[in-house]
**Q** 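Can you keep this structure in mind? I'll have questions shortly.
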Amino acid sequence: MVNTKILLDEAEIPTHWYNVIADMPNPPAPYLGPDGKPVTPEMMSAIFAPELIEQEMSTQRWIQIPQEVREILKLWRPSPLYRAHRLETVLNTPAKIYYKYEGVSPAGSHKPNSAVAQAYYNKIAGIKRLTTETGAGQWGSALSLAGNLFGLEVRVYMVKVSYEQKPFRRSMMQTWGAEVLPSPSNLTQAGQQILSHDPNCPGSLGIAISEAVEEAASRRDTNYTLGSVLNHVLLHQTVIGLETRKQLEKVGDYPDVIFAPCGGGSNVGGMMFPFLADKAAGKAIRLVAVEPTSCPTLTRGQFAYDYGDSVGLTPLILMYTLGHDFVPPGIHAGGLRYHGDSALVSQLYHEGILEAIAVPQLATFKAGVLFSKAEGIIPAPESNHAICAAIDEALRCKTSGEQKTILFTLSGHGHFDMLAYDKYLSGELVDQDYPEEILQAALQNLPKIHG
Ligand SMILES: *Cc1c(COP(=O)(O)O)cnc(C)c1O
């Protein structure tokens, strides 16, 4: 029998990131400015470091990971790949289940994989301060960690409900030296505008992005960073899939299906893109993004140009969207409550290369608790979405007798989410529907493009 835990040496941390654009059947549509014309690198330079803009637009297949970044990634990478023997036994399935565990990073999720790279490129560009948004707190934690390692000041606009509900994520960011503000705040025009309409606004990722972008655009010493969605973020996350491929090779296995939780698409891209060329070459591999039924961006949204933030400060991105002024229900998988999705993931889904499914909240917690009991690790509520889909697949294999190999990203641990587990265990958690009327209403406000 193979080892349960499949490890790599430090030297096997990838030396290059994989840029999926080089292998996409069609290039992604350009981002558009307010005038409907493609955004230029000069326009992006007000808030992003030059190397990151270059990566955002690059068509080069392999991009070298700077040595300084690899040195920091060594703190927790290569991350382990587990063969879930115990879970297989509990499910009594003939399927083989593997999961790549990204919760071993200091911040507890895959997000530092990009935070470290983004902080590094801003540092060498002479930037002193970084702004960002955070929902559940995972990205804010990751950037606080990375900013501190490179001696950069970090200011995090944290969605107000999370700021109040997750004080320990806030303490974590503050421990790494970051300043954390509840969003909407009255420090920015975007925040003031929202508060004037709704003084009790609970905030959303879209609003927090508006605030962080506005501040970065107004200060020369400050840049903005985003934890998902953008091409360069997905690029940085490909270390996940590249390592996983090597780990599976070590045990002579290959996945029939991969599941990953999908918020903005960074761990979907990070895990799945390195397998995409195989699929193009004819391998029968299914790549499935898993999202919440209460924020069903891919499965029920529209493929259209939309803003990345609420107020409309970002360029227009061709993506699956629920409408930029969508304020998602207060589900506990905060990292999946975003109205849009990565342009790359959206296009590949639109072309039928990636698949997507939506799962309801209660089923995800049921799966997470079953997983915790079998494997020991308590997953982040976001990760529970992938676990739920993987378990369903394993149970289908039990019925059909198929010996499939199932792989999923365990994108983070749930140690800061025990309040959500408490609610589930005490029966207080409910499924949140997303009614068709509200969905249609939010889509009415999509920006009109005059080409
Ligand atoms: C942020 C987050 C996600 C969702 O973000 P993606 O960009 O879609 O990967 C999923 N899991 C965890 C643990 C997260 O922190």
**Q** Can you find a side-chain donor-acceptor pair between Arg77 and Asn113 that sits under 3.5 Å?
**A** yes
**Q** Compute whether any side-chain donor of one residue and acceptor of the other, for Trp139 and Ser228, lie under 3.5 angstrom apart.
**A** no
**Q** Between Thr131 and Glu215, is any side-chain donor less than 3.5 angstrom from a side-chain acceptor?
**A** no
**Q** Please tell me whether Asn384 and Thr364 have a donor and an acceptor in their side chains that are separated by less than 3.5 angstrom.
**A** no
**Q** Does any non-hydrogen side-chain atom of Tyr424 lie less than 4.5 Å from one of Leu419?
**A** no
**Q** Nearest 0.5 Å, please: how far is CG in Asp256 from OG1 in Thr405?
**A** 5.0 Å
**Q** If you measure from the Lys or Arg side-chain nitrogens to the Asp or Glu carboxylate oxygens, is any gap between Arg169 and Asp417 under 4.0 Å?
**A** no
**Q** Please answer whether the main-chain N or O of Ala22 pairs with a side-chain N or O of Asn19 as donor and acceptor at a distance below 3.5 Å.
**A** no
**Q** So, applying side chain to side chain contact (heavy atoms under 4.5 Å, CB included) with Glu51, which one of Asn122, Ile124, Ile63 is it?
**A** Ile124
**Q** Apply side chain to side chain contact (heavy atoms under 4.5 Å, CB included) to the pair Leu322 and Tyr338, showing each step before the final yes or no.
**A** CA-CA 9 Å; Leu322 295 167; Tyr338 182 61; over 6 Å; no
**Q** Nearest 0.5 Å please: distance from the CG atom of Leu230 over to the CG atom of Leu344.
**A** 9.5 Å
**Q** Return yes if a side-chain donor-acceptor contact under 3.5 Å exists between Asn26 and Glu351, otherwise no.
**A** yes
**Q** Check whether Ser210 reaches the backbone of Gly206 with its side chain - one donor and one acceptor, N or O, closer than 3.5 Å.
**A** yes
**Q** Would you check if Leu143 and Leu130 make a side-chain contact, meaning some heavy-atom pair closer than 4.5 Å?
**A** yes
**Q** Consider only side-chain N and O atoms of Ser346 and Asp341, and report whether a donor and an acceptor are under 3.5 Å apart.
**A** no
**Q** Quick one: do Thr244 and Met271 satisfy side chain to side chain contact (heavy atoms under 4.5 Å, CB included)? Show the steps, please.
**A** CA-CA 8 Å; Thr244 303; Met271 173 58 102; 3.6 Å; yes
**Q** Under 3.5 Å, side chain of Asp198 to main-chain N/O of Cys201, donor-acceptor pair present?
**A** yes
**Q** I need the minimum non-hydrogen distance between Pro66 and Trp17, along with the two atoms involved.
**A** CD-CH2, 3.8 Å
**Q** Tell me yes or no: between the side chains of Ser185 and Glu211, is some donor less than 3.5 Å from an acceptor?
**A** yes
**Q** Flag the pair Glu71 and Lys74 as a salt bridge only when some basic side-chain nitrogen lies within less than 4.0 angstrom of an acidic carboxylate oxygen.
**A** yes
**Q** Quick one: does Glu102's side chain have a donor or acceptor within less than 3.5 Å of a partner on Ser109's backbone?
**A** no
**Q** Checking side-chain polar atoms at under 3.5 Å, does Gln432 have a donor or acceptor matched by the opposite partner on Ser294?
**A** no
**Q** Can you measure from CD (Glu68) to CG (Leu149) and round to the nearest 0.5 angstrom?
**A** 13.0 Å
**Q** Quick one, Lys100 and Gln247 - any side-chain contact, counting heavy atoms below 4.5 Å?
**A** yes
**Q** Can Glu179 and Gln174 be counted as having a side-chain donor-acceptor contact under 3.5 angstrom?
**A** no
**Q** Tell me whether the rings of His350 and Tyr320 are parallel (<30°), tilted (30 to 60°) or perpendicular (>60°).
**A** tilted
**Q** For Leu234 versus Phe273, what's the shortest heavy-atom pair and its separation?
**A** CD2-CE1, 3.6 Å
**Q** Check whether Thr297 reaches the backbone of Gly301 with its side chain - one donor and one acceptor, N or O, closer than 3.5 Å.
**A** no
**Q** Are a donor atom and an acceptor atom from the side chains of Gln118 and Ser114 found within less than 3.5 Å of each other?
**A** yes
**Q** Rounded at 0.5 Å granularity, tell me how far OG in Ser310 sits from CD in Gln193.
**A** 10.0 Å
**Q** Distance only, no hydrogens: is a donor on one side chain within 3.5 Å (strictly under) of an acceptor on the other, for Asp23 and Tyr18?
**A** yes
**Q** So, does Lys166 use its side chain to make a donor-acceptor pair with the main chain of Ala136 at under 3.5 Å?
**A** yes
**Q** Output yes when Arg286 and Glu393 qualify as a salt bridge under the 4.0 Å nitrogen-oxygen rule, no when they do not.
**A** yes
**Q** Cut-off 3.5 Å, side chains only: do Ser411 and Ser383 have a donor facing an acceptor?
**A** yes
**Q** Check the pair His385 / Glu291 against side chain to side chain contact (heavy atoms under 4.5 Å, CB included), numbers first and verdict last.
**A** CA-CA 7 Å; His385 290 69; Glu291 59 185 18; over 6 Å; no
**Q** Ignoring hydrogens and geometry, is there a side-chain-to-backbone donor-acceptor pair from Gln138 to Gly108 under 3.5 Å?
**A** no
**Q** Which heavy atom of Leu316 sits nearest a heavy atom of Gly33, and at what distance?
**A** CD1-O, 4.1 Å
**Q** Is a side-chain N or O of Lys123 found less than 3.5 angstrom from the main chain of Phe150, in a donor-acceptor match?
**A** yes
**Q** Is there side-chain contact between Thr134 and Met173, with at least one heavy-atom pair below 4.5 Å?
**A** yes
**Q** Please report the C-alpha distance between Met24 and Ile21 in whole Å, then the side-chain angles of each, then the deciding distance to 0.1 Å, and finally whether the side chain to side chain contact (heavy atoms under 4.5 Å, CB included) criterion is met.
**A** CA-CA 5 Å; Met24 280 168 72; Ile21 295 175; 4.3 Å; yes
**Q** Anything under 30° is parallel, anything over 60° is perpendicular, the rest tilted; go ahead and classify Tyr254 against Phe275.
**A** perpendicular
**Q** Taking the six-membered ring for Trp and the full ring for Phe, Tyr or His, determine whether the centres of Tyr349 and Phe303 are under 6.0 Å apart.
**A** no
**Q** Is the number of heavy atoms from other residues, nucleotides or ligands within 6.0 Å of CD (Gln189) greater than 12?
**A** no
**Q** Between Tyr99 and Phe408, is the gap from one ring center to the other below 6.0 Å?
**A** yes
**Q** Does any non-hydrogen side-chain atom of Val104 lie less than 4.5 Å from one of Pro80?
**A** yes
**Q** Looking only at non-hydrogen atoms, find the nearest pair between Gln444 and Lys448 and report the distance.
**A** O-NZ, 3.7 Å
**Q** Kindly indicate whether a cation-pi arrangement holds for Arg300 with Tyr434, taking the cut-offs as under 6.0 Å to the six-membered ring centre and within 45° of the axis.
**A** no
**Q** Got a donor-acceptor contact below 3.5 angstrom from the Ser45 side chain to the Glu42 backbone?
**A** yes
**Q** Donor-acceptor check, side chain of Thr222 to backbone of Arg219, threshold 3.5 angstrom: yes or no?
**A** no
**Q** Rounded at 0.5 Å granularity, tell me how far OH in Tyr224 sits from OG1 in Thr314.
**A** 8.5 Å
**Q** Answer yes or no: is there a side-chain heavy-atom contact under 4.5 Å between Leu336 and Cys295?
**A** no
**Q** Are Leu81 and Leu248 packed together at the side-chain level, in the sense that at least one heavy-atom pair is separated by less than 4.5 angstrom?
**A** yes
**Q** So, His110 and Ser266: side-chain donor and acceptor under 3.5 Å apart, yes or no?
**A** yes
**Q** Locate the shortest heavy-atom distance separating Ala107 from Pro112; write the atom from each residue and the value.
**A** CB-CG, 3.8 Å
**Q** Ion pair present between Glu153 and Lys128, side-chain N to carboxylate O less than 4.0 angstrom?
**A** no
**Q** Can you name the closest pair of heavy atoms from Val311 and Ala190 and give their distance?
**A** CG2-CB, 3.9 Å
**Q** Between Tyr307 and His324 (judged by ring centroids, cut-off 6.0 Å), do the two rings come close enough to count as a pair?
**A** yes
**Q** I'd like to check Asp431 versus Thr293 (side-chain heavy atoms, cut-off strictly below 4.5 Å). Are they in contact?
**A** no
**Q** About how many Å separate CD of Glu56 and NE2 of His232, when rounded to the nearest 0.5 Å?
**A** 5.5 Å
